[in-house]
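As the structure is a prediction and not an experimental result, all values here were calculated from the model. Computation of the quantities below employed the complete heavy-atom set of this structure, encompassing side-chain atoms and omitting hydrogens, waters and symmetry-equivalent molecules. Here is how names work: the chains are called A, B, and so on, in the same order as the sequence lines, proteins then strands, and each is numbered from 1.
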2 protein chains.
Amino acid sequence: MVATMKRVNMRALADSIGVDRATISRALSTDKAHLVAPATRDLIRAAAAAAGYRADLMAATLRRGRSDTVGILVSDMMNEVLVRVMREIVTDLNRDQTRGQELTPLIAETGDGSGHIGHFLRTFLSRRVDAIICLSATEDDAEALQAAAREVPVVLAVRSISAIDLPSATCDDGAGGALVARHFLAHHHRVVCQIQGPQTATTFRNRAAGFSVVCREAGVRELSIGTSARAAISSEGRAVAEAILATPDRPTAVFAHNDSMALGFIEAMRHQGLAYPDDIAIVGFNNTELSRVLARPMSTVEYPVAKVSGHAADLVRALIKNREFSWESKSFDPQLVDRGTGVKRPA
Amino acid sequence: MVATMKRVNMRALADSIGVDRATISRALSTDKAHLVAPATRDLIRAAAAAAGYRADLMAATLRRGRSDTVGILVSDMMNEVLVRVMREIVTDLNRDQTRGQELTPLIAETGDGSGHIGHFLRTFLSRRVDAIICLSATEDDAEALQAAAREVPVVLAVRSISAIDLPSATCDDGAGGALVARHFLAHHHRVVCQIQGPQTATTFRNRAAGFSVVCREAGVRELSIGTSARAAISSEGRAVAEAILATPDRPTAVFAHNDSMALGFIEAMRHQGLAYPDDIAIVGFNNTELSRVLARPMSTVEYPVAKVSGHAADLVRALIKNREFSWESKSFDPQLVDRGTGVKRPA
DNA sequence: CGGATGATGTCAATCGATTGCATTCGATCC
DNA sequence: GGATCGAATGCAATCGATTGACATCATCCG
């Protein structure tokens, strides 16, 4: 037998105190509480607490036309960077702002296959979210996002897309690639190579381009041997790594577009009896836990999680307050975390 | 300038087709569509699609008293097991059931500090979730969960709590510990040791107990040297590991309560010039990515993610359909993934 | 042919909170 | 003392969809 308690609604509470529902609504709100006499307000608040009254936010949303809710789309909840950004956006949105404006997140994992996004966007809109944040959008999603943006503000984070112009907060991946290239330069590497992520993602294209430009300008030789992995995961990284190690003309330093693929490279090295990191220098990307907990921690590029999520949250808040807000997309510089795996082996 | 489109509501749609809102509501529903003449139904559906009509689920929820929404509490979105369970629960809840009953998840990350749970539960209840799933509840949360359970079904997953009797889906951690102990036995280890997670969590207490019982019965000597980590993370695991390695009387096999702590142990071994896994056998728990991508993959215990999440989803669905459903808590056996790091070094 | 039956639809109440407007009442001002 | 003002509160419409009760109409049966 389950003890089902019927919830108290505003009407019941009103009857029990002998005061109008309107007064209760005002007394319990943040912005209209000043319209109620202090004595009444305290009385109401006490009674509400005693009765265990809890406002029905669905009803409130219906009347207000605003739900204090933000939809968050994330492609993969196992992706450390995405999760960290998402988590920071969420805490940021809940941070007690000027006025107790709390924004509850609605999170949906879309999976990487494209085309699903439309479904989740529709669900969000049906639930009357005040805004939508899309982490890791792909170009395929442009149309669906565009449509959603006609109804509520849509903010992109981590990955922006070129087809449409939406407010975004991203990492300057080109700068990240350049950072690694210059690191290799500083350590006198003359023959380098990349393990690229799938080039369908702008993220990886930018990392690749940023790296290559610096190499070209400095006259460093960049090998291009089967450099693009089919997916940004360690097994694919290992496949690329094996192709690289199979060439007679080995690079002295390798830039992996993320830490997982870097790990694949390390495995491949070990498998071939090469010593990590002494025989071939390697630098990853993202500063994931993986890179830190390796027996020998790996140099990597730190993703500007706090800045990206902070800007995304700012955009959302500003746009909710004012749809016409003249927003600015921002891209933040990543930083190299030098753990020494990028140095050149003394000849 | 933002192109703000006003949404079409049911009234507008009704006026445009010249049919009552009630008919539209029925035509678009799954369960009452049969009450509408096929011709009218098709007409309405076509018109709705053409007008881009999307039902306001807040209004529907208000009227129905049911939101088709499930609140999910998760303590840490970086925890691989929790995320995997959560993800499977979500896809399971959305699986097109008997009748297109889709349950949208509301996800909240609670963080490990206790006491916050009440806040999230209240938010969920205010948003009128039909049920709540709590992953990784702690004993401190008992009261808050109990209160919530008076209003909607509450299901525990991954971690159940002893203070109250709620439907739950868990892993049989005692069996997991025993599994590892027997594995060590089979490989003729006679002196073993555990790196335990914080004993405030039943999960770890059960793993510890299951392991110890088997050891005791088999007459295997279990060392107890500073065996409990303050947190189930690699750095803490390493601290415990160092204490273990510092004793003159070393175990030949170590059971770490999760893979992170096992990794800490491996680091400590390397630091002391010991070869992993030859010098001391080690087995972890959870079969996380970490354990698989190690240069030398580690034996570990596979968490029955699919079974736990499947049962949790079943419980939720059944209880939403019928509050009085006579539920059954279930605990599922984990499995040993033998990658050879638990064998005894040939003397 | 009258009335029962069933298939389709319409009407209007309802869910619970919010808010513009009206009302009340005491205080203040001329 | 009557008008005016402002503070505090009540009244009632509203948000958008759902659903029980009822109306309409064709059909069918005895």
**Q** Whole Å only: how far is the CG atom of L62(B) from the C1' atom of dA17(C)?
**A**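 Value for this atom pair: 9 Å.
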**Q** Between R41(B) and T23(B), does the side-chain hydrogen bond (donor to acceptor under 3.5 Å, both in side chains) criterion hold? Intermediate values first, please.
**A** CA-CA 8 Å; R41(B) 195 192 329 158; T23(B) 309; over 6 Å; no
**Q** Nearest whole angstrom, please: distance from the P of dT10(C) to the CD1 of I44(B).
**A**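 After rounding, the reported distance stands at 8 Å.
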**Q** Identify the residue among T104(A), L106(A), V70(A), I72(A) that makes a side chain to side chain contact (heavy atoms under 4.5 Å, CB included) with V129(A).
**A**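 Checked T104(A), L106(A), V70(A), I72(A) against V129(A); only one passes side chain to side chain contact (heavy atoms under 4.5 Å, CB included): L106(A).
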**Q** Does S75(B) form a side-chain hydrogen bond (donor to acceptor under 3.5 Å, both in side chains) with E109(B)? I'd like the steps, not just the answer.
**A** CA-CA 5 Å; S75(B) 58; E109(B) 186 181 22; over 6 Å; no
**Q** Under 4.0 Å between a side-chain nitrogen and a carboxylate oxygen: does that hold for R122(B) and E151(B)?
**A**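 So R122(B) does not pair with E151(B) through a salt bridge.
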**Q** Would M10(B) and S25(B) count as a side chain to side chain contact (heavy atoms under 4.5 Å, CB included) here? Give the steps.
**A** CA-CA 8 Å; M10(B) 197 172 258; S25(B) 173; 3.9 Å; yes
**Q** With a 4.0 Å limit, can you tell me whether K32(A) has a side-chain N or O closer than that to the phosphate oxygens OP1/OP2 of dT18(C)?
**A**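 K32(A) to dT18(C) OP1/OP2: no side-chain N or O under 4.0 Å.
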**Q** Nearest 0.5 Å, what's the OG-CD1 distance between S29(A) and I24(A)?
**A**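 Nearest 0.5 Å value for the OG-CD1 distance: 12.5 Å.
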**Q** What is the distance from CZ of R11(B) to P of dA13(C), rounded to the nearest Å?
**A**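 Computing the R11(B):CZ to dA13(C):P distance gives 13 Å.
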**Q** Take atom CG of D56(B) and atom P of dG16(C), then tell me their distance rounded to the nearest Å.
**A**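 Taking CG of D56(B) and P of dG16(C), I get 16 Å after rounding.
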**Q** Please state how far atom CD1 in I17(B) lies from atom C1' in dT10(C), giving the value in whole angstrom units.
**A**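 Atom-to-atom, I17(B) to dT10(C), this comes out as 15 Å.
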**Q** To the nearest angstrom, how far is L13(B) atom CG from dA17(D) atom P?
**A**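 Atom-to-atom, L13(B) to dA17(D), this comes out as 9 Å.
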**Q** Heavy atoms from C-beta onward define the side chain here; which of dG16(C), dT18(C), dT18(D) lies closest to that of R64(A)?
**A**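 The closest nucleotide is dT18(C).
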**Q** For residues E102(B) and D68(B), determine if any side-chain heavy atom of one lies less than 4.5 Å from a side-chain heavy atom of the other.
**A**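 E102(B) vs D68(B): side chains apart.
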**Q** Test L135(A) against every option in L82(A), N79(A), L73(A), D76(A) by the side chain to side chain contact (heavy atoms under 4.5 Å, CB included) rule and name the one that passes.
**A**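 Answer to the side chain to side chain contact (heavy atoms under 4.5 Å, CB included) test with L135(A) among L82(A), N79(A), L73(A), D76(A): L82(A).
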**Q** Among dG16(D), dA17(C), dT18(C), find the nucleotide with the atom closest to the side chain of S25(A).
**A**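 Nearest to the side-chain atoms of S25(A), counting from C-beta on, is dT18(C).
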**Q** What are the residues of residues 45-55 of chain A, sorted by number, that bring a heavy atom to within less than 4.0 Å of DNA chain C?
**A**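 Within this stretch, Y53(A), A55(A) sit under 4.0 Å of the strand.
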**Q** Return the minimal non-hydrogen interatomic distance between D314(A) and R317(A), and the atom names on each side.
**A**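 Taking D314(A) first and R317(A) second, the nearest heavy atoms are OD1-NH2, 2.9 Å.
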**Q** Sugar-phosphate means primed atoms, P, OP1 and OP2; the rest is base. With that split, encode nucleotides 4-14 of chain D 5' to 3' as B, S or - using protein heavy atoms under 4.0 Å.
**A** ----SBBB-BB
**Q** Which whole-number value in Å describes the distance from M10(B) CE to dC15(D) P?
**A**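 For the pair M10(B) CE and dC15(D) P, the rounded distance is 15 Å.
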**Q** dA17(C) C1' sits how many Å from R66(A) CZ, rounded?
**A**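 Atom-to-atom, R66(A) to dA17(C), this comes out as 13 Å.
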